[in-house]
Amino acid sequence: MVEIELDGKKIEVLEGSMVMHAAEKAGTFIPHFCYHKKLSIAANCRMCLVEVEKAPKPMPACATPVTQGMVVRTQSEKASKAQKSVMEFLLINHPLDCPICDQGGECQLQDLAVGYGGSASRYQEEKRVVFHKDVGPLVSMQEMSRCIHCTRCVRFGQEIAGVMELGMTHRGEHSEIESFLGTTVDSELSGNMIDICPVGALTSKPFRYQARTWELSRRKSISPHDATGTNLVMQVKNHQVLRVVPLENEAINECWIADRDRFSYEALNSVDRLKLPMIKQAGVWSEVDWQTALNFISHGLKDIKATHGAHSMGTLIGPSSTLEELYLAGEFTRAFGSQNIDARLRATDFHHEGLVHWLGTSIASLTQMQRILVIGSNIRKEQPLLAQRIRQASKVGGQVFSINAFKPDWAMSVQEAVMVPTKDWSYTLAMLCQEVSKLTQVALPKELHFFAAKGDDASISKIAQSLTDVQGKKCILLGNVFAHHPNASSLLAMVNWIAQATGCTFGFLGESANTVGAQYVGARPAVNSKGLNTQQMLSPGALKAALLVNLEPQYDCANPTQAIEALSQMDLVVSLSPFKTNLEFSDVLLPIAPFSETPGSFMNTEGLAQTFHAVVKPLAEARPAWKVLRVLANVLDLSGFDYESVEDLRVKMQSSLPAITSVLSNATQAIIDLSTSDLEPCVSPSYQLDGLVRRSSSLQLTADARMGR
C-alpha cells in the first residue's frame, strides 16, 4: 500500500494505482471525460488535471501513478485554472445545439461546463463540421461534430466487446471517430457505446427525438431475454417504455447490457399487441369481454375432462415467464387433474432426476477462471455478458477451449476449437474422457471400457492436458445446443465424470430468463408421474386441449411442424400471449401483460432470484398471466386459488418449495450411450429467442438478425 495526501487527507491505496483511483476511494470528485473505470487509461481529454507538489505543471489524475508521500491538490488555483483552460479548449468546436440534443440533461460536458466553463468564448472562428455516418439501425452518429475525441467508444469495442469497430482517423482538428471502410457497428454490445459517450455524439437511433431525459420516469427491472438476470432501468413517459439503460450490478451485469436487453422494448408498443380477448368460432375471430372468454374456456375444458379425462389437457409455458406464472401454471394444471406441464420447449432429451441444473459457479467468478471449456454454445450471441466476462479472463491468461459444430467467432483468443457434427459429440466426449483418464489415472466409466477411439485427436489431448495441469479455477460451460441435444443426458454424464476427474466446476449457461426457475418451481412433469413432456404433448393425438402461455410453437418448439399439426387437431387451444399470435390453431386468445406490465421474479443461471415491479400499467385489457390463471381456476371451481396479490402467491410459492441451494445440482445418474442421432438440436438465433425480440423492428434490421446468428 502507498500513502498519499489528497486535499489535506491521508489516503492509502494499492501501489500502481492512479491519482484518480485514490480520489475515488476518498470520495473526491475530479472532472473527467475520457476516464472510465472499466476501460484502459487514455488520458486524452486532460480535463482531470490536478496539482502535484513538486511537479512543474498540472498532471492528469487518470494517468499519474501514486508514489509514497505524494501531495495532490485537486481544487487549488493552479488545478482549477488548468481545468477551466481545458474546458475552454474542448468547447472551441463544440456545436451550440443543446436545445435539440438527445443527450441534453444527462451530458457530462454540459454538466461540467457549468462549473468549469466561461460565460463567453474568446474564439470567433467558424466551428468545424464533421459529416454524419450511418453505422446501422441501433447507434446514431448523426452529430459527430459534438465528439471530443475521448475514445471511450473505441476502447469499449477493443476491450469489452472484443471487436474494434470504431477508430480515430486523421490528425489534429481533422480527427474523426468512424467505422472502418464505412462498415456498420454490429457488436451484440454496441448500445453501451451510447451510455459511455460523455457528449451527444453517439445516441440511440430508435430513441432519437422521442423525449427529453427530464420527462422520463426511471424504474428498475430485470431483463427477460437470457439467463444472466441483467439489471435494467426502464425509462417511461405517458405509460410507455421509451428507453432502457443498464442498472449497475457488479455481481451480474457490471455496468453493461446487451443490445437485446436495450432495444427489445420496441415490441412493448408494437401494433402486434393483443388488447382484448378473442374467440374463434366457425373460423372467424371476434373480440369479446373477459367474462365471455373465460366462460368459453371453462365450458370447453369441463366438456373435454368429462369426455376424455383430465389427462387429455396439458400446459406449455415459455421459460421467459415469471417464477410466479410458472409456479401457478403448474398448480393450475395439477389442480385440474393433469400432470402434463412443461417449460422445456426446445428440448429433445427429457431425462431428469428432479434436480435443478444451473451454472455451477457464480457469474462474477467467470472473470477469474484459468481454464474454460465451452461445449455446444455460441456464447457470444447466446450470453453476451457472460462472454464478456470470459473475454476478460482470457486477457489475463485464462485459456478458453471450444467443442462445437462450428468454428467459434467469440472475439477472444480460443486456444483449441474442436469442430465436430452434433451427432458425433458422444464419441468426442468419450475421447476426452479417455485422455483425462490417462493423465489423472482415474478409472473410466464402465460404459467406456470397451470404447475404441476412432483416432488420437491432438486438440482433444491438448484440452485434456490443459484441464488437468492447473489447480486453480476452471469450469466447463454447457450451452443451448448441448441442452437441446437428443443425447443430452448421456453427454451430461460424461461431462460430469470429466469435471470430477479434473476438479472443474460445470454447468448450464441457460437459455431464458427462467430456465433455472422453471425447473425450481416444478414447471415440468413430476418425477415418476405419468405426466407428458413437451415432445409427448405435441405428438399428434396426444392431447385434446392445450394451454399455451407465453410461447409461439412455430418459433419456440423443437419440431414446429409437428407441434402445429398436433395443436391443429386438438378440440381446444387457449393462447395466453401479449401479442396477436397463434391464430392458425388457437381457439381463444387471452391478452396477458409482458414483464414490463406485471410484477414478478426471474431466477438467473446462478440460481439468484430477483424480483421486479411493473413499470407501466397493462395495455388496454391485458392482465398479468398469474391473475388470468387464478381467475380461470376460480371459474373452473378449483380450490386453493384465492391469491389477492402477487405477494400472496410468492409467499405460498416460497413456503411450498425447498431452499434453492438444496436442489441446485448438475449431477446425473444417466447411462452413457455412444449411439448417434441425425436429429439436430433446436437452437434459436439471438434475435429470435422470444416474442419481444422478434418484434423489435430495430433489432430485426441488424446484421445478426439478417444472418440468423
Engineer: Nearest 0.5 Å please: distance from the NZ atom of Lys652 over to the OH atom of Tyr327.
Structural biologist: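 Answer for the NZ-OH pair, Lys652 versus Tyr327, is 4.0 Å.
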Engineer: Would Gln700 and Gln688 count as having a side-chain donor-acceptor pair, cut-off 3.5 Å?
Structural biologist: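 Result is yes, a qualifying pair exists.
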Engineer: Looking only at side-chain N and O atoms, does Ser698 offer a donor or acceptor that is under 3.5 Å from a partner on Glu266?
Structural biologist: yes
Engineer: Under the ring-ring contact (aromatic ring centres under 6.0 Å, His included) rule, what do Phe156 and Trp256 come out as? Steps first, then yes or no, please.
Structural biologist: CA-CA 11 Å; Phe156 172 84; Trp256 316 119; 5.0 Å; yes
Engineer: Can you say whether the rings of Phe595 and His225 are parallel (under 30°), tilted (30 to 60°) or perpendicular (over 60°)?
Structural biologist: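 Plane angle over 60°, so perpendicular.
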Engineer: Please indicate whether Lys220 has more than 12 foreign heavy atoms, meaning atoms of other residues, nucleotides or ligands, lying under 6.0 Å from its NZ.
Structural biologist: no
Engineer: With no hydrogens and no angle check, do the side chains of Thr184 and Asp186 hold a donor and an acceptor under 3.5 Å apart?
Structural biologist: yes
Engineer: Taking atom NZ of Lys38 as the centre, report whether more than 12 heavy atoms of other residues, nucleotides or ligands fall under 6.0 Å from it.
Structural biologist: yes
Engineer: Are Pro224 and Phe602 side-chain neighbours, meaning at least one heavy-atom pair lies under 4.5 Å?
Structural biologist: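 They are in contact (side-chain heavy atoms under 4.5 Å apart), so the answer is yes.
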Engineer: Classify the ring geometry of Phe332 against Phe641: parallel below 30°, tilted from 30° to 60°, perpendicular beyond 60°.
Structural biologist: perpendicular
Engineer: Answer yes or no: is there an ion pair linking Arg260 with Glu188, defined by an N-O contact shorter than 4.0 Å?
Structural biologist: no
Engineer: Please assess Arg389 against Glu606 for the test salt bridge (charged side-chain N to carboxylate O under 4.0 Å, His left out), listing each intermediate value before the final yes or no.
Structural biologist: CA-CA 14 Å; Arg389 285 190 180 270; Glu606 70 172 46; over 6 Å; no
Engineer: Report yes or no: do Asn44 and Arg152 form a side-chain donor-acceptor pair below 3.5 Å?
Structural biologist: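 Result is no, nothing qualifies.
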Engineer: If we ignore angles and hydrogens, is there a donor and acceptor under 3.5 Å between the side chains of Ser365 and Thr361?
Structural biologist: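 Yes, Thr361 and Ser365 have a side-chain donor paired with an acceptor closer than 3.5 Å.
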Engineer: Would you say Asp272's side chain and Ala267's backbone share a donor-acceptor pair under 3.5 angstrom?
Structural biologist: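 Here the side-chain-to-backbone pair does not exist.
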Engineer: Under the criterion side chain to side chain donor-acceptor pair (under 3.5 Å), I'd like the reasoning laid out for Asp226 against Thr228: C-alpha separation, chi angles, the key distance, then a yes or no.
Structural biologist: CA-CA 6 Å; Asp226 59 37; Thr228 306; 3.2 Å; yes
Engineer: Report yes or no: is the cationic atom of Arg630 (NZ for Lys, CZ for Arg) closer than 6.0 Å to the six-membered ring centre of Tyr643, at no more than 45° off its axis?
Structural biologist: no
Engineer: Has Tyr555 got more than 12 heavy atoms of other residues, nucleotides or ligands less than 6.0 Å from its OH?
Structural biologist: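 For Tyr555, atom OH is not crowded (no more than 12 foreign heavy atoms under 6.0 Å).
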Engineer: Can a side-chain donor-acceptor contact be found between Thr203 and Asp102 if the only test is distance below 3.5 angstrom?
Structural biologist: no
Engineer: Asn192 vs Arg262, test: side chain to side chain contact (heavy atoms under 4.5 Å, CB included). Steps then yes/no.
Structural biologist: CA-CA 9 Å; Asn192 293 288; Arg262 184 183 300 272; 3.2 Å; yes
Engineer: Out of curiosity, Gln240 CD to Ser596 OG, how far, rounded to the nearest 0.5 Å?
Structural biologist: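 One finds 10.5 Å between CD of Gln240 and OG of Ser596.
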Engineer: What's the verdict on side chain to side chain donor-acceptor pair (under 3.5 Å) for Ser321 and Asn550, showing C-alpha distance, side-chain angles and the deciding distance?
Structural biologist: CA-CA 7 Å; Ser321 305; Asn550 262 330; 3.1 Å; yes
Engineer: So with a 6.0 Å cut-off around NZ of Lys381, is the heavy-atom count from everything else above 12?
Structural biologist: yes
Engineer: Under a 3.5 Å threshold, yes or no: a donor from one side chain and an acceptor from the other, between Thr213 and Glu106?
Structural biologist: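 There is no such pair between these side chains.
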Engineer: Salt bridge or not between Arg694 and Asp556? Use side-chain N to carboxylate O under 4.0 Å.
Structural biologist: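 Salt bridge between Arg694 and Asp556, a charged N being under 4.0 Å from a carboxylate O: yes.
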Engineer: Check this for me: does any side-chain nitrogen of one of Glu248 and Lys37 sit under 4.0 Å from a carboxylate oxygen of the other?
Structural biologist: yes
Engineer: Answer yes or no: does atom NZ of Lys275 have more than 12 heavy-atom neighbours from other residues, nucleotides or ligands under 6.0 Å?
Structural biologist: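 Atom NZ in Lys275 is not crowded, with 12 or fewer foreign heavy atoms closer than 6.0 Å.
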